[in-house]
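A, B, ... follow the sequence lines: proteins, then strands. Residue 1 opens every chain. The basis for the numbers below is simple: all heavy atoms, side chains too, and nothing from hydrogens, waters or symmetry mates.
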Amino acid sequence: MSSPTENHHWTMIIDLDRCTGCQACVVACHVENNVTYVGEEEVAMGRFMHWLLIQRYWGGEYPNMQARFSPIPCQQCKEAPCEPVCPVYATYHSEQEMLNIQVYNRCIGVRFCANNCPYKVRVFNWFNPQNPEPLDQMLNPDVTVRSRGVIEKCTFCIHRIRRAEEDARYEGRPVRDGEVQPACVQACPPEAFVFGDRNDPESRVAKMAESRRGFRLLDDVGTVPEVVYLKRGVTDVEGI
Amino acid sequence: MSKESRSAPRPAEPDQALALEMRPGILSDQLLLDPRPVGDMNRYIMEAMQRTGKGFWILVAILASLVLIGYGGAWGYQVRWGMGVAGIRRPVFWGLYIANFVFWIGISHSGTFISAVLRVFKAEFRRPITRGSEMMTTFSLIVAGLFPLIHLGRTWRFYWMIPYFNQRQLWPNFHSPLMWDMMAIFTYLTGSTLYLYLPLIPDMAMARNITTGWRKRVYGTLALGWRGSESEWHHLKTAIKIFAFVIMPVMFSVHTIVSWDFGMTLVEGWHSTIFGPYFVTGAIFSGVSAVITVLLIVRKTMKLDYFLRPEHFDALGKLILVFSFAWTYFWFAEFITEWYGGEPVISALIHMQARGPVAVLWYTMLFFNIVVPWSTLWNRRIRRSTTAMLLITIGINIGMYLERYIIVATFLTKGRMPFNWGIYNPSIVELLISIGALSLFALLYVVASRLIPLVPVWEVQEGQLSHSLRPIGRALVPSVVDLE
Amino acid sequence: MGKKISRRKFLKVGATAGATAALVAGCSSDLRPYRRSLEPPLRSPEEALPGEAVWYASTCGQCPSGCGIVVRVIEGRARKIEGNPEHPLNRGRLCARGQAGLQALYNPDRFPSPVRQSSRGSRDFQAVYWDDALDLLAGKLKEADPQSVAFLGGVMSDNLFDLASRFMKGTGAAPPVVFDLLSALEGRTTLAAASKALFGVPALPVFDVGQAEVVFSFGANFLETWLSPVYYGRSFGNMRRGRLRGRGYLVQFEPRMSMTAASADEWVPVKPGTEGLVAQAIGKIVAERRKAANVAGLYKDVVVGDVADASGVSAEQLGKLARIFDTVDHALAIPGGALAGRNNGLEATLAVQALNVVAGNLGQPGGLSLSPDVPSESLVTASVPASYADVQALIERMKAGQVQVLMVHGANPVFELPKASGFREALGQVPFVVSFAPFADETAVQADLVLPDHTYLESWGYRLVAAGGDRPVVSAQQPAVQPLYDTRSTAEVLLNLAQRLGGSAAKALPWKSVREHLQSAIGPLQALPGGNLHAASTDAFIEEWQSHGGWWTTQEKSGAPGASKEVLSSTLVVPNADFAGDAQKFPFHLLPYPSILLSDGRGANQPFLQEAPDPMTTVAWNNWVEINPKTAAKLKVTTGDIVKVTSPQGEIELSVYVYPGIRPDTVAIPVGQGHSDYGRFAQGRGSNVMDLLAPLTEKAGGALAWAATRVKITPTGRKATPMLARTESAEGVERGFRDAENPG
Amino acid sequence: MAKDTVLMGLFNKADHTANTVEALEKMGIADDDVAILSGIPYPAEILGRPLVWERIPVIALSGAVIGFLIGIFLVAGTPQLYPVHVGGQGLLPIPPLAVITYELTMLGIIVSTFLGVLWESFFPSYGPKRYDRLVTEGHIGILLRCTPEQVSLVKEVLKENGGHHIHTPERRPL
């Protein structure tokens, strides 16, 4: 267990073998993080705001078709290409959480980070968010509502992380494994997501990150993502 | 004009004026070897500036309305509602604005190249065209510099990029190529503005001396009290020499850094080491072409045939042919490396250019940038034909604009994750702002052409002083005295 | 995971969690974040402290399955819905629809008060006072012959179903007819009928996918909408990394690759209507391999070769699949919605259930069990949906003018019933229609009086978890926020009406308040052994029940069914499925399917559900018709082209989505769009596939045979504008998933 | 003797001017008392004038140093004031340091050179000056200071060498 004063190394495991593509994480993220909706025309233009997108890839040909889902949140790269290109430090790497932080207040909207993200997980507020009354009442007060002209992206629900750290500090104990759960992790019915602190060698993520199925997205680019994917498994039915 | 000057005897005509009647074939017209009295030249320039017919004001009105529509209307609309009114979308986060930015930065290379490089290398044909091209540098930089602001999601926060002591204690991020860009453009804009202004001071004094009313006051202020004393001339010439040497590397750095906005990224097709020289070459190519276009128009409308002669365009034509070769070389070097590698995303990009939706733009670019210059500019008659040169140079600028557009907007459409590929079409707002930008440039130039002597008279006169026709055998051959 | 979170903190009403903006709080260590508070709201619930989160446990009302939720409330406003970690059905997990529930509560298109309509369909709603509205309804009820009063219910909490049943009984009217499209698409009635036939109990089956080694699913899209998607989603996760073997093997038999099939290891595109035959063929081979005597009679007439010809699944593949099914200890077969949606639905379902008997997994881990009985007599049986035949009978009565007053709650029959059912016309014959809809849905627009119910986040109630779950659960529903508008819970309205009517009605509903009724229903649970709650008094018990989100047994407890020997010994013949429409004229099978996001259209007014892309097509805000690439090439259409889909019953226009995972002889259309009303987010998007369906029924049970219509496709030559909104790239879609899965 | 008389003469040609300068020097009028105004920059050698000591290169150089130091401060100094880590790069990135210091050095040279011109030439100065507009018409003006006794002789020298418009100019607004 990591001590409360220590730095954390927050890691997300996404088990592609368990992901069913059901979009629970996507909607949970929307609600938790006040991510706005944009409507049909804007979605058609590719201006949807999902912080987490489940990408669906086809493979094979009928009748041996296959489809694969991969949920792509911000990969929280250790060597994030988005960070150095921002002229105003609106996105930077937090030393304490080892996360890629997006500071909406500081963002001036040059969108260089979004271009430079190989995963294209950064979304831009093309317009002000729409929240016709009383939809605005469901906005989460822990999370800023972003206005037009700024970039936003998955934060690993950093407000939840900070709250858990605060709780732990107040109670004089380390943050427990599983105490912090981003909204997507919490919602996922088949538990395709696991979240935790890799600095804690006993944590589930620390163990799962070593899995032989594990890989990182676009590993060759050298961004060193903190999201570890577990490859889809195969059951050897011939051997049964 | 005072009585005194009217009664004054004219300075004697230089001896070589006698050669006018002989006009041998090798006489180089670009050296203006038919000097006229200095006072006549001054008045010639000043009168050309003050001729403002109905057509002029109509043009100004049209340009001003286009500027107003583009910047006041379209940009204002965009600031009010958000970037969404532009056509950019995921994953093409940069579009026409940045293409415009790169293009206009490229145009700005005209003045510096012609003025500074040719000055350093003592290319004498530069003299009448330096001012016109330096003005292009400054104005196109102003137009270009606006585009990053237009492109900002929160334009009203642009000053956060400026490094200054502030309450937030936070400085800009100098890791970002955009900061380098800003520094480089600021340096270049400052440098090119001062470089435009310094040689202008004697001409301002000249204008001050032969005008009256508000013009006299304006010119008098800008002339800073210039009398033409030895020390003034000396300081000025030293400063110009320093400027010429300093502004050249700045020029190269500016477009190199602009290219690094793309080269520094992980975007497939952008991440290229050759982008620096490729962009610089393209910039000079399009910049010099734009100079020809503008000067041809200026020559026609302001009747500056005495100063701007077909021989100048002949010389500039050779220059752009050389830069067409150079551009082609860099373009091909970049293209073949990427094509040969066969990386999937790059292949998709190349496929899109060669056969996909971008093909029309791509082939047009190659046609205007390679086919047209190579097939025409080797011909002296074509180089000396104003109409042909006008068409060719406009074509080159269309080609170079397309090149910028293809690099900025279409390379972004395909990234490493095929799921995220996208398309991009500029919206009406972007088009209006782009037209507004062109109009702003034209408007600045048109207005300035009536306020700033378009030909640096003293430099031309200095050139004429240093040139003479010397008989060698049976011909009169122009010879140059190096006065510096 | 969730279990480790302190329950005391997490669940108790009034318990707190830090809520100050974490970015601010992160700076200092000495200040206790809980002591900081934001500005007080103008109107806050008494128990809430400003700026601090309160969590209310309740039950999700977005679909009939009844997952436990906790609602995070700050300053009297609900901010987030999460799964209740204690709830045995979903264990803290929640699906997309559950997450979006706040947008039902805070929907901008709710009725703010009861309204009357001068003429039906005019949408000229005039606000009325509750007293006047109730007087009016009570007057109409008094005037009308009790026999001519009808109650059409949909997704409703079970306490309301209880009250409605009692109310109808008290007034001497026919019991409520409960019909909603989602339940019909799930084939609930057929599943229950099959259980009745095979096991003697009309209960819904529960499949222990989590502990199964091999799962054969016959059209059951159990990861999407079928019965209890969160329960089965959890089970699927366990199956993938299960306790028994390393990784379970899932085979999906259906004509269209659903999201469940995409998650499966193998997708077998069987010919529509032959799923039952395939199950029989596999059963026969397995029975032969096992030499199972008990089912020998069952498969007497099955010829594997014939099945292979009929279904398009080769005999070798059938043999291979049977071998896989046979070899493992824990094999499981699931009969799903689509196979029940044809006129041979009951036989097909039985054929699949028989496979479980062959596998010998009844009541075993990784096997089939039945949903547990209602634990207490005080609770009525859960609202088992009526079959379509019952609805048809109601429509006939309406057409014949035998219905004077129609009350509609929780259902939107104008939208959900096939157009060809004639409901819309029949509605015109009913003199007085009352809707309890919170939103102006298509049915409310056709009503004379709308008495808007609270949304489920504003009302009291309980729900008996009928589908899924391994133990009896009485899930609690309580308001998370004060009612936003001048709405009233329909339960309360019924109590009030009963008082106004007096007589037998008042006697049938003796409770003064909804809460009192709840107490009488829930209170007896206290005496039951093995429950999760421990309280000294009834009041305390009810409070516990609410704060924990329900009552359930601490031990797993589900019915181990015993298969009827009669059924097993007699030959089971799965007749050929009949399809409406001539095969020559209408060449394609139409497969409607419930959208994972909008379910049967209920979610269409929630923008987050509209915005979230469909998992398979990534389309948002619209619907489409899925066509195999080869078929599309023959028809010369491509994604985004608008085509006319024509059935013998009607025609609609839709965008094409070229879908590689569908049989060339089948087209699929998701249900849920095509609303003409239902608020700004739902209106005017796509087309309603129900307009195409023939009102066929399953022969034995009377369920709606919703997958038995044939259609033809005619290109219109037009393109959708804006183009079909999807998150995938139109060009990138051609690329295989290898890039995504292991690009490095 | 006070050199309080100012004379000015205009010449049409550079060699006339040079001759005059030489003659004036012979008659004892110091270089410092003679100034030449021209519309074209004649090198000092042509007119036989002493070379002017030039400080502008030094000013430019110091500008370069200042620019360089500002560049160092911005790239290396400011991250120390408020450390923010980006993209796994160090707080002091060397390559950007090179770019920024380069640009700022250049900016320093450019700005200081310009200021140097203003400083050295006493620009701007809008006060009344002794001047003749014909200077921009191609004439070369000689402005000189002499004692009242020398006036007539000087005038003669000027005239002899082709000077015209010889007079004592008044200070007038330019």
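- Taking the six-membered ring where the residue is Trp, the centroids of C:Y659 and A:W58 are separated by under 6.0 Å.
- Judged by distance alone, with hydrogens and angles left aside, the side-chain atoms of C:R247 form a donor-acceptor pair with the main-chain N or O of A:G233 at under 3.5 Å.
- When only modelled atom types and interatomic distance are considered, C:E82 and A:Q186 share a side-chain donor-acceptor pair under 3.5 Å.
- In this structure, the portion of C:A264 lying under 4.5 Å from any heavy atom of chain A is its backbone and not its side chain.
- The 12-atom threshold is exceeded at NZ of A:K207, counting heavy atoms of other residues, nucleotides or ligands nearer than 6.0 Å.
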Problem - Check against side chain to side chain contact (heavy atoms under 4.5 Å, CB included), C:L102 and A:V31 - result: CA-CA 8 Å; C:L102 292 176; A:V31 183; 3.8 Å; yes
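- To the nearest 0.5 Å, atom CD of residue A:Q23 and atom CD of residue C:Q99 are 12.5 Å apart.
- Chain A forms the most heavy-atom pairs under 4.5 Å with one residue out of C:A620, C:P229, C:A262, C:P629, and that residue is C:A262.
- Between C:F608 and A:H30, the ring planes lie tilted relative to each other; the angle falls in the 30° to 60° range.
- A:Q137 and C:L484 get closest at one heavy-atom pair: OE1-CD1, 4.4 Å.
- Of the listed residues A:I54, A:V26, A:V185, A:L139, the one with more heavy-atom pairs under 4.5 angstrom with chain C than any other is A:L139.
- Heavy atoms closer than 4.5 Å to chain A are found in both the backbone and the side chain of C:M723.
- With a 4.5 Å cut-off on non-hydrogen atoms, C:I596 touches chain A through its side chain but not through its backbone.
- Interface residue C:A100: backbone and side-chain heavy atoms are both found under 4.5 Å from chain A.
- Of the two parts of C:P613, the backbone and the side chain both hold a non-hydrogen atom closer than 4.5 Å to a non-hydrogen atom of chain A.
- The SG atom of A:C188 sits 11.5 Å away from atom CG of C:L94, with the distance rounded to the nearest 0.5 Å.
- Residues A:E191 and C:F236 form no side-chain contact, since every pair of their non-hydrogen atoms from C-beta on lies 4.5 Å or further apart.
- Both the backbone and the side chain of A:V38 have a heavy atom closer than 4.5 Å to some heavy atom of chain C.
- Smallest separation of non-hydrogen atoms from C:A725 and A:V43: CB-CG1, 3.7 Å.
- If you take CZ on C:R240 and CG on A:L16, they are separated by 11.5 Å, rounding to the nearest 0.5 Å.
- If you measure heavy-atom distances from C:I662 to chain A, the contacts under 4.5 Å come from the backbone alone.
- The greatest number of non-hydrogen atom pairs below 4.5 Å with chain A, out of C:P660, C:A720, C:P664, is found for C:P660.
- Interface residue C:T617: only backbone heavy atoms are found under 4.5 Å from chain A.
- Across all non-hydrogen atoms, the minimal contact from A:M138 to C:Y106 is CB-CD1, 3.6 Å.
- Contacts from residues 118-130 of chain A to chain C, taken as heavy-atom pairs separated by less than 4.5 Å, involve no residues at all.
- The candidate from C:A612, C:A261, C:C95, C:P607 with the greatest count of non-hydrogen atom pairs under 4.5 Å with chain A is C:P607.
- Of the two parts of C:D614, only the backbone, made up of N, CA, C and O, holds a non-hydrogen atom closer than 4.5 Å to a non-hydrogen atom of chain A.
- Considering only heavy-atom pairs separated by less than 4.5 Å from chain C, the leading option among A:M49, A:M65, A:E40 is A:E40.
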Problem - Residues C:R77, A:D136; criterion salt bridge (charged side-chain N to carboxylate O under 4.0 Å, His left out); working and verdict - result: CA-CA 10 Å; C:R77 291 168 179 180; A:D136 53 347; over 6 Å; no
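- Every residue was checked against the side-chain hydrogen bond (donor to acceptor under 3.5 Å, both in side chains) condition with C:R79, not counting sequence neighbours, and none meets it.
- For chain C, no part of A:C25 is nearby; none of its heavy atoms comes within less than 4.5 Å.
- For the atom pair A:Q55 CD and C:S729 OG, the distance stands at 10.0 Å (nearest 0.5 Å).
- The contact between C:R685 and chain A is made entirely by side chain atoms (from C-beta outward), counting heavy-atom distances below 4.5 Å.
- Under a 3.5 Å cut-off, the side chain of C:E611 and the backbone N or O of A:G39 do form a donor-acceptor pair.
- Rounded to the nearest 0.5 angstrom, A:Y37 OH and C:W621 CH2 are separated by 6.5 Å.
- Not a single donor-acceptor pair under 3.5 Å links the side chain of C:R234 to the backbone N or O of A:P189.
- When heavy atoms are compared at a cutoff of 4.5 Å, C:Q103 approaches chain A by way of both its backbone and its side chain.
- Of the atoms belonging to A:N131, not a single heavy atom falls under 4.5 Å from chain C.
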Exercise for the section: Walk me through it: do A:Y62 and C:R663 pass the test side chain to side chain contact (heavy atoms under 4.5 Å, CB included)? Expected result: CA-CA 8 Å; A:Y62 179 86; C:R663 286 177 62 89; 3.1 Å; yes
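- Between A:F69 and C:M259, the closest side-chain pair of non-hydrogen atoms falls below 4.5 Å.
- C:R680 touches chain A through its side chain: at least one heavy atom from C-beta onward sits under 4.5 Å away, while N, CA, C and O do not.
- A:N140 is listed as a side-chain neighbour of C:R72, based on a closest heavy-atom distance under 4.5 Å.
- C:Y232 does not touch chain A: none of its heavy atoms, backbone or side chain, sits under 4.5 Å away.
- Heavy-atom distances place both the backbone and the side chain of A:L135 under 4.5 Å from chain C.
- Residue C:F325 does not touch chain A at all, counting heavy-atom pairs closer than 4.5 Å.
- No other option in A:E41, A:R213, A:E61, A:E133 has as many heavy-atom pairs under 4.5 Å with chain C as A:R213.
- Between atom SG of residue A:C22 and atom CD of residue C:E224 there is a gap of 9.5 Å, rounded to the nearest 0.5 Å.
- For A:V143, no part sits under 4.5 Å from any heavy atom of chain C, backbone or side chain.
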